[in-house]
Amino acid sequence: MNINYIFDSKGLPEYAVVPIKIWQKMNQQLSNNNDKQNKVRKFDPSNYKGLIRKQNIDLEKEISDMRSEWTRNF
């Protein structure tokens, strides 16, 4: 399993894509810690749905730019 990164136009990592198995394990550990400490609420990614929608991103252009950056070694 690999964690993949999405980079911005300057080449800096902006997002991390985590496999679901790693996500579930992390979420379980966070839940266990929350039960012990009762200080932190459980993280729910659905609370962040639509977060980047307000940034007026041209998705077709972004996808095209990402595809042009891919290298293929066949």
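Along the sequence shown, the residues carry numbers beginning at 1.
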Legend entry - Under 3.5 Å donor-acceptor, D8 side chain and K10 backbone: yes
Legend entry - Partners passing side-chain contact (heavy atoms from CB on, under 4.5 Å) against L59 (at least two apart in sequence or in another chain): I57
Legend entry - Worked verdict on K61 versus D65 for side chain to side chain contact (heavy atoms under 4.5 Å, CB included): CA-CA 6 Å; K61 181 183 178 315; D65 290 347; 2.8 Å; yes
Can you tell me how far apart [atom1] ([X]) and [atom2] ([Y]) are? Round to the nearest 0.5 Å.
| X | Y | atom1 | atom2 | answer |
| --- | --- | --- | --- | --- |
| Q24 | I20 | CD | CD1 | 4.5 Å |
| E14 | S9 | CD | OG | 8.0 Å |
| I6 | L12 | CD1 | CG | 14.0 Å |

Inset, instruction - Answer yes or no: does atom CZ of F7 have more than 12 heavy-atom neighbours from other residues, nucleotides or ligands under 6.0 Å? - result: yes
